[in-house]
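Structure record follows, encoded as structure tokens.
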Amino acid sequence: MKTKNTFRKIYSVVAKIPRGKVATYGQIAGISSIQGSAKLVGYALNKLPDSTDLPWHRVINRSGKISYSPSRNDHDNLQRILLENEGIEFGRNEIIELSKYLWNPLNE
DNA sequence: GAAATGACCACGA
DNA sequence: GTCGTGGCCATTT
């Protein structure tokens, strides 16, 4: 399938997320010039291959919580572990402090 | 080609 | 803080 430019843009943005930071779907969508279609970001990641080098685990929802795929409950902890491994701390309900760990796209 | 699906977000109450 | 509704775009069936 011919990967659309939009998807490539999403991958590009996700790949630019620095270590120890997280980004929301809305931000990535906006940077990818598809603001309003945050679903595309999730969809892109959902269809992402297993051998991807993209830090998909740094992409979380607006609530600062992990969205992950409901189908892959087998590794629901994986994303959390990866983030913790990068120095990101989780709140009480596994909520990340966006004010602190949110990625600043202006850096790019 | 059309309808259904999807790791969501913004807004109003 | 929660809950319900609308909307966007690409992929899949």
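Below, chain A is the first sequence line, B the second, and so on; all start at residue 1.
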- Distance, rounded to the nearest Å, where A:His57 contributes NE2 and B:dA7 contributes P: 20 Å
- Query: Given atom CG of A:Asn93 and atom P of C:dG1, what is their separation to the nearest angstrom?
  - Reply: 11 Å
- Nucleotide nearest A:Ala38 when distance is taken to its side chain, options B:dC9, C:dT11, C:dC8: B:dC9
- Query: How close or far is atom P of B:dG6 from atom CH2 of A:Trp56, stated in whole angstroms?
  - Reply: 19 Å
- Query: Tell me: OH of A:Tyr68 to C1' of B:dG6, nearest whole Å?
  - Reply: 16 Å
- Task: Round to the nearest Å and state the distance from A:Leu40 atom CG to C:dG7 atom C1'.
- Result: 12 Å
- Query: In whole angstroms, how far is the P atom of B:dA10 from the CD1 atom of A:Ile34?
  - Reply: 13 Å
- Message: Given B:dA7, C:dC8, B:dC9, identify the nucleotide with an atom nearest to the side chain of A:Ser37.
- Response: C:dC8
- Apply the side-chain contact (heavy atoms from CB on, under 4.5 Å) test between A:Arg58 and each candidate in A:Lys21, A:Gln79, A:Glu86; give the one that qualifies. A:Glu86
- Item | Hphob cluster co-occupancy, A:Ile96 + A:Ile81, side-chain heavy atoms under 4.5 angstrom | no
- Whole-Å distance separating the CD1 atom of A:Ile10 from the P atom of B:dC8: 14 Å
- State plainly whether one hydrophobic cluster holds both A:Ile95 and A:Leu102, where clusters connect Ile, Leu, Val, Met, Phe, Trp and Tyr through side-chain heavy atoms under 4.5 angstrom apart. no
- Message: Just to verify, which of A:Val41, A:Val13, A:Val14 counts as forming a side-chain contact (heavy atoms from CB on, under 4.5 Å) with A:Ile31?
- Response: A:Val13
- Message: Is the phosphate of C:dC9 approached by A:Thr6 (side-chain N or O, under 4.0 Å from OP1 or OP2)?
- Response: no
- Task: Look at the aromatic rings of A:Trp56 and A:Tyr68 and report parallel, tilted or perpendicular, splitting at 30° and 60°.
- Result: parallel
- Query: To the side chain of A:Leu45, which of B:dG6, B:dA7, B:dA10 is closest?
  - Reply: B:dA7
- Item | Between C1' of C:dG1 and CD1 of A:Ile95, the distance in whole Å | 13 Å
- Message: Please determine whether any donor N or O and acceptor N or O are separated by less than 3.5 Å between the side chain of A:Tyr25 and the base of B:dA7.
- Response: yes
- Nucleotide of B:dG6, B:dA10, B:dC8 approaching A:Tyr43 most closely (side-chain heavy atoms): B:dG6
- Looking only at B:dC8, C:dT12, B:dC9, the nucleotide nearest the A:Lys39 side chain is B:dC8
